[in-house]
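First up is the structure itself, then whatever we jot down about it.
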Amino acid sequence: MRYSGFRVIKEALTGHKGWKPAWREPEPASYYDIVIVGGGGHGLATAHYLAKEFGQARVAVIEKGWIGGGNVGRNTTIIRSNYLLDGNEPFYEFSLKLWEGLEQDLNYNAMVSQRGILNLIHSDGQRDAFIRRGNGMILNGADAELMTTEAIKKKYPFLNTDDARFPIKGGLAQHRGGTVRHDAVAWGYARSADSRGVDIIQNCEVTGFRIENGVCKGVETSRGFIGAGKVGCAVAGSSGRLLGLANMRLPIESHVLQAFVSEGLKPVLPGVITFGAGHFYCSQSDKGGLVFGGDIDGYNSYAQRGNLPVVEDVCEGAMAIFPMLGRARLLRMWGGVMDMSMDGSPIIDRTHIDGLYFNGGWCYGGFKATPASGFAFAHLLARDEPHPTATAYRLDRFEKGYMIDEKGVGNQPNLH
Amino acid sequence: MIIDHPLLGPRDSSEFTYLGDARLIDRPDPDGQDAAAAFYDYAYLRDNPAGWHRELWFHEAGDRSWLVVTRNTLTHEISKVELASDVARVQGRSK
Ligand SMILES: Cc1cc2nc3c(=O)[nH]c(=O)nc-3n(C[C@H](O)[C@H](O)[C@H](O)COP(=O)(O)OP(=O)(O)OC[C@H]3O[C@@H](n4cnc5c(N)ncnc54)[C@H](O)[C@@H]3O)c2cc1C
């Protein structure tokens with residue numbers, strides 16, 4: 001069923017009796033050409049692009065819970081392509097371009113909103129670093145603009161530009177950045193993949209891999225064995241646990257990241273703003289809640305909830321730049337499990353086991369990557385070659401010394 | 001989280017910084033046979049378990065001692081806290 005304005009009006013006039021479920025609930029078949037483990041944004045996007053761009057239809061996505069219950073439904077929904085390094089920027093810019101055409105591609109309203117993102121500058125050194133990053137972005141075909149404090153004051157008059165400790169000295173803006181309705185991304189990809197013949201199998205946990213003579217033949221699941229020509233793993237925070245079942249150890253630690261939303265307010269914040277002296281980022285959802293977050297808690301965790309010191313730290317960041325936030329009440333907070341890699345950049349690669357492919361290490365930036373990650377993973381699974389924008393995301397780069405370390409902090413996952 | 005420091009008693013976890021898996025105590029021998037492979041493993045690969053995890057915490061805003069904390073990554077429950085120097089010595093290290 002195609003969605004359209006006409007359809008909405010027709011259904012409204014006929015009592016909304018014509019809507020159908022957006023995807024089927026199939027029983028698992030005994031064999032698929034490609035099985036994707038993980039029904040998050042990346043797994044579902046992979047399935048969509050496999051079916052649509054690479055002509056693969058005998059594909060299944062296997063999800064242990066319900067689709068969209070992982071990080072894709074827990075993140076702060078910010079999209080941007082403001083990276084510095086050559087290994088990253090073309091990939092994230094490709095992703096931003098896919099976001100720009102996503103709703104037409106999926107025939108689904110994902111509420112892609114290019115309301116702009118502004119990274120604030122608080123020192124001269126930071127300005128130099130941001131100018132360099134902005135130039136890197138422009139060289140790779142992205143947009144970037146250095147904003148003066150005056151221009152920022154005009155656009156965001158509520159910002160505290162004269163804080164004694166962290167005055168705002170300017171900012172790096174990417175006007176094409178913004179936010180997307182996160183759940184709708186999972187649902188839109190799922191609906192599109194399903195309509196092209198992909199089986200989305202929920203409540204089915206992968207409990208092992210069947211590996212014979214170094215070749216992966218399929219997955220053991222809570223609903224029995226499912227054979228596969230190729231198995232692609234895209235389970236984000238569960239990467240270590242899942243690949244552990246194939247006796248692999250990964251350059252990844254799982255950490256908890258918290259997010260917060262305030263009570264609904266009248267429109268106050270037109271774009272996405274990030275604090276450059278601490279770690280704090282904030283946008284306003286279309287429902288009116290201020291959606292914000294900060295640093296990861298900093299220790300290994302699979303608990304999907306964090307601790308109070310980070311709550312305090314995030315709120316301090318908020319008060320430093322948005323004193324007006326002090327009057328708003330916090331409505332909800334939650335946590336998600338992040339697959340923090342050793343250099344802060346992701347991995348989209350084969351493994352040493354034939355037929356077993358890995359997509360992970362997204363840290364806390366994988367939502368914006370969802371379209372490109374799905375596209376690149378589909379490319380790799382279908383053609384056995386990396387997508388041109390994802391050639392640097394190799395699993396062996398740590399051993400070979402080709403780290404993609406945006407911050408230059410080394411192999412310390414909680415610093416990325 | 002409250003970390004029960006062996007010398008100072010219960011302290012808030014915000015006084016500490018976190019390094020990672022306590023296996024980082026076992027630095028490989030740089031003159032060993034497979035030193036390159038051993039250092040790759042040591043520096044980059046992690047067990048990353050869901051459950052009990054022995055890990056290194058540094059009491060940065062306190063007595064600046066390194067601790068080995070046994071903590072459950074599913075519940076954040078802490079079952080044991082030791083001085084890292086004691087752990088290293090038991091493993092045969094001189095300091
Ligand atoms: C609080 C928070 C804020 C964030 N903010 C941003 C942001 O503003 N911008 C941004 O770009 N990124 C952000 N991120 C990161 C982003 O959400 C993730 O990097 C991204 O969603 C991960 O990919 P995914 O959607 O495929 O993961 P998930 O949605 O977590 O999907 C993985 C799926 O695999 C399933 N699974 C796990 N194990 C198994 C198994 N054994 N068998 C079957 N299925 C299994 C899980 O149930 C899950 O549904 C944030 C994350 C969090 C938690």
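Nothing here was measured: the structure is a model prediction, and the numbers come from that model. Reminder, nothing fancy here: chain letters follow the sequence lines and each chain counts from 1.
- For chain B, no part of Met340(A) is nearby; none of its heavy atoms comes within less than 4.5 Å.
- For Leu250(A), the part lying near chain B is the backbone, with the side chain staying farther off; criterion is any non-hydrogen pair under 4.5 Å.
- When the salt bridge (Lys or Arg N to Asp or Glu O under 4.0 Å) test is applied to Asp86(B), the partners found at least two apart in sequence or on another chain are Arg89(B).
- When the candidates Gly410(A), Gly240(A), Ser239(A), Gly298(A) are compared by the number of heavy-atom contacts under 4.5 Å with chain B, Gly298(A) comes out ahead.
- For an aromatic pair to be called close, the ring centres must be under 6.0 Å apart, and Phe275(A) with His122(A) satisfies this.
- Surrounding CH2 of Trp334(A) are more than 12 heavy atoms belonging to other residues, nucleotides or ligands, all under 6.0 Å away.
- If you measure heavy-atom distances from Asp12(B) to chain A, the contacts under 4.5 Å come from the side chain alone.
- Ring planes of Phe16(B) and Trp57(B): perpendicular class, angle over 60° (limits at 30 and 60°).
- The parts of Asn300(A) that come within reach of chain B are both its backbone and its side chain, each placing non-hydrogen atoms under 4.5 angstrom from that chain.
- The candidate with the highest count of non-hydrogen atom pairs below 4.5 Å against chain A, out of Thr17(B), Leu45(B), Leu74(B), Asp41(B), is Leu45(B).
- A donor-acceptor contact closer than 3.5 angstrom links the side chains of Asn48(B) and Tyr302(A).
- Contact tally against chain A (heavy-atom pairs below 4.5 Å) for Ser13(B), Ala37(B), Ser14(B), Ala50(B): the top residue is Ala50(B).
- For chain A, the nearby parts of Tyr18(B) are the backbone and the side chain; heavy atoms of each come within less than 4.5 Å.
- Listed by chain and number, the residues in a salt bridge (Lys or Arg N to Asp or Glu O under 4.0 Å) with Arg305(A) amount to none (sequence neighbours excluded).
- Interface check for chain B: of the options Ala303(A), Pro309(A), Pro413(A), the most heavy-atom pairs under 4.5 Å are formed by Ala303(A).
- Only the side chain of Gln412(A) comes within less than 4.5 Å of a heavy atom of chain B; its backbone N, CA, C and O stay farther away.
- Annotation: Tyr44(B) is in aromatic contact with Phe398(A) [ring centroid separation under 6.0 Å].
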